[in-house]
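Working notes, structure below.
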Amino acid sequence: MLRSVKGLKDILPQQTPQWQHIETVARTLATQYGFSEIRIPIFEFTELYARSIGGTTDIVEKEMYTFLDRDGSSLTLRPEGTAGVVRAVLEHKLLDSPTTRKLFYLGPMFRHERPQAGRYRQFHQFGVEALGIDHPLIDVEVMALLCQFFSSLGLEDLTLHINSIGTLNDREVYIHKLKEFLSPILKTLCGNCQRRHSTNPLRILDCKVPVCQETTQQTPILIDYLSDNSRTHFQAVLDGLSALDIAYTINHRLVRGLDYYSRTTFEITSPHLGAQSTIGAGGRYDSLFQVLHGPSTPAIGFAVGLERVTLLLAEDQTTKKSPLFFVAGFGDTGKPKAFTLLYKIRQAGMRADTDHKGNTLKALLRSADKLGADYSIIVGDNEADSNTAILRNMQTKVQEIVNLEEITQRIQKK
RNA sequence: GUGGGUGUAGCUCAGCUGGUUAGAGCGCCGGAUUGUGGUUCCGGAGGUCGCGGGUUCGACCCCCGUCACUCACCCCA
């Protein structure tokens, strides 16, 4: 049997109402907060991601779906949204208009990871990007939107973790201190962390190995090494969150994985998800524009993993649909008349269906029942001859005879 | 890339320490006379027991390999 590719999921008809709901909430809220939707390509030149995400990150090193185009250029399925948005913004000079500096997107991303609960090779993200605004209150706005998105969906028990990883300079100073502190006790750390010490020392902070957690209790704290600017900014963000009554936890270990982050970083976690507990995360990326040869532009954004959101949502997200009319036509004259009627009802904007195979009233009503019809419209030869139809309420079994010409008008009110 | 768990009907699962025709519930299809569904009753279809090899008189069951799914590590949304 042909199967789907590993790590890819079909979203089946039972689940699409839930997805539509999530997407509607995302679009509505983002719009309320002043963001406009942008739709960018699903693949880009590999260079874009290599440069923006960072050459030593796992994403770039081993998780990208990269392939050669016919002319030999290297293309990559987007592993995240920010890089593409920034590219599009630069390409179309969107920074020049105040109406196109706050953008949001919705769509699939691709990473070649080993699938796991809440982690897929094609997954969907809802993300926002606020560009060109340095003010700490935009950080607060973005986090407020993120929190409101989750609460609108009815998610509970979530924690907003926040930290500041400072500017590149701040971090250099800190990383130096950190390595200095860890050097003498390096042997006590796990093998992974011993390696990280030289490659990516910040990551040691969020190592889950107990020994490492223990020893890193005593390490210098990043926010103690922030420059005055970064520190003031961070404090203003925290004050802003408090002013809005948004609960947060300062998490000194929160260091984002992508190279382009700076200063404010945040993450929302749920205790109900197993190992992949982060459902949304983001932060500032003030230097990304320059990395991509654009003008120096402060920016902040977040991305939400939609599959993880669906895992937290109640299964029975039954969305109310408009009533379904089942047209039950049978007999030599009834059947054709019913088919025209079916078309007319649909043209009038109502939801209607039939069963072409059913030739007896019994079989047709059974089909109506299985399709979950609210009303059946019965057109047998008798009805066809008198130009009428029987309108049957499937729940109450109440029936009435309606003239064929008036039927669409008659049921419009149902 | 590394490790653990699982793999029997469309779905959820049963199948005793290896023993011959592999079962149940749900679902699906059909019937219970003449133009009225859901309930009930009756009947039916549907399975290379993931795949390949081995041990055995005999394997769904034991062994090896392989694939798939799944969870965890790594990392991330």
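Protein chains get the first letters and strands the later ones, always in sequence-line order, with residue 1 at the start of each. The model shown is predicted, which means the values in this text are computed figures rather than measured ones.
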_So if I define the base as every atom that isn't primed, P, OP1 or OP2, how would nucleotides 65-70 of chain B read as a B/S/- string at a heavy-atom cutoff under 4.0 Å?_
---SSS
[X] and [Y] ion-paired at < 4.0 Å:
X	Y	value
Asp286(A)	Arg284(A)	yes
Arg410(A)	Glu406(A)	no
Asp224(A)	Lys177(A)	no

*Among the nucleotides C75(B), C28(B), U36(B), which one has an atom lying closest to any side-chain atom of Lys370(A)?*
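So the nucleotide nearest the side chain must be C28(B).
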*Which one, A77(B), C74(B), G37(B), comes nearest to the side chain of Met394(A)?*
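That would be G37(B).
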Identify whether any heavy atom of [X] sits under 4.0 Å from a base atom; if not, whether one sits that close to sugar-phosphate; answer base, sugar-phosphate or nothing.
X	answer
Phe330(A)	base
Glu80(A)	nothing
Arg366(A)	sugar-phosphate
Ile378(A)	base
Ala303(A)	sugar-phosphate
Ile390(A)	base
Gly118(A)	base
Asp58(A)	sugar-phosphate
Gln276(A)	base

*Closest-nucleotide 5' rank along RNA chain B - winner of Ile279(A) and Ala368(A)*: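 Looking at RNA chain B, the more 5' nearest nucleotide goes with Ala368(A).
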*Does Asp381(A) or Glu267(A) map to a spot on RNA chain B nearer the 5' end, using the closest nucleotide for each?*
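Checking each residue's closest nucleotide, the 5'-ward one belongs to Asp381(A).
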*Determine the stems involving RNA chain B; a stem requires 3 or more consecutive pairs of the Watson-Crick or G-U wobble kind, each with both distances below 3.5 Å, and the answer is none if no such run exists.*
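The stems that RNA chain B takes part in, listed by first number, are B:1-7 with B:67-73, B:10-13 with B:23-26, B:28-32 with B:40-44, B:50-54 with B:62-66.
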Starting at atom [atom1] of [X], determine the distance to atom [atom2] of [N], rounded to an integer number of angstrom.
X	N	atom1	atom2	result
Ile22(A)	A77(B)	CD1	P	18 Å
Tyr285(A)	A77(B)	OH	P	13 Å
Glu63(A)	A77(B)	CD	C1'	12 Å
Ile59(A)	C74(B)	CD1	C1'	13 Å
Asp10(A)	G10(B)	CG	C1'	16 Å
Tyr261(A)	C76(B)	OH	C1'	10 Å
Gln125(A)	A77(B)	CD	P	7 Å
His112(A)	C74(B)	NE2	C1'	14 Å

What integer number of Å spans the [atom1] atoms of [N] and [M]?
N	M	atom1	answer
C49(B)	G4(B)	P	27 Å
C16(B)	C60(B)	C1'	14 Å
U2(B)	G58(B)	P	37 Å
G50(B)	C67(B)	C1'	8 Å
A14(B)	U21(B)	P	23 Å
C11(B)	U48(B)	P	13 Å
A22(B)	C26(B)	P	23 Å
G27(B)	C42(B)	P	15 Å

*Kindly say if Lys362(A) contacts the phosphate of G37(B), meaning a side-chain N or O under 4.0 Å from OP1 or OP2.*
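Lys362(A) to G37(B) OP1/OP2: side-chain N or O found under 4.0 Å.
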Tell me if the aromatic rings of [X] and [Y] count as close, with their centers under 6.0 Å from one another.
X	Y	result
Phe110(A)	Phe43(A)	no
Tyr285(A)	Tyr260(A)	yes
Phe126(A)	Phe149(A)	yes

_According to side-chain contact (heavy atoms from CB on, under 4.5 Å), who are the partners of Arg101(A), at least two apart in sequence or on a separate chain?_
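side-chain contact (heavy atoms from CB on, under 4.5 Å) check on Arg101(A) returns Leu95(A), Pro98(A).
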*When Tyr174(A) is tested against each of Leu222(A), Leu226(A), Ile223(A) for side chain to side chain contact (heavy atoms under 4.5 Å, CB included), which residue passes?*
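With Tyr174(A) as partner, Leu222(A), Leu226(A), Ile223(A) yield a single side chain to side chain contact (heavy atoms under 4.5 Å, CB included), made by Leu222(A).
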*asked:* Are more than 12 heavy atoms, taken from residues, nucleotides or ligands other than Phe45(A), located less than 6.0 Å from that residue's CZ atom?
replied: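 Not buried by this count: 12 neighbours or fewer within 6.0 Å.
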_Other residues, nucleotides, ligands: >12 heavy atoms within 6.0 Å of Tyr33(A) OH_ =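 Yes - once you tally the heavy atoms of other residues, nucleotides and ligands closer than 6.0 Å, there are more than 12.
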*Is it the case that Lys9(A) places NZ or CZ above or below the six-membered ring of Tyr120(A), under 6.0 angstrom from the centre and within 45 degrees of the axis?*
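Here Lys9(A) fails the 6.0 Å and 45° test against Tyr120(A).
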_Derivation and outcome, salt bridge (Lys or Arg N to Asp or Glu O under 4.0 Å), residues Glu37(A) and Arg39(A)_ = CA-CA 7 Å; Glu37(A) 181 169 1; Arg39(A) 301 193 186 190; 3.0 Å; yes
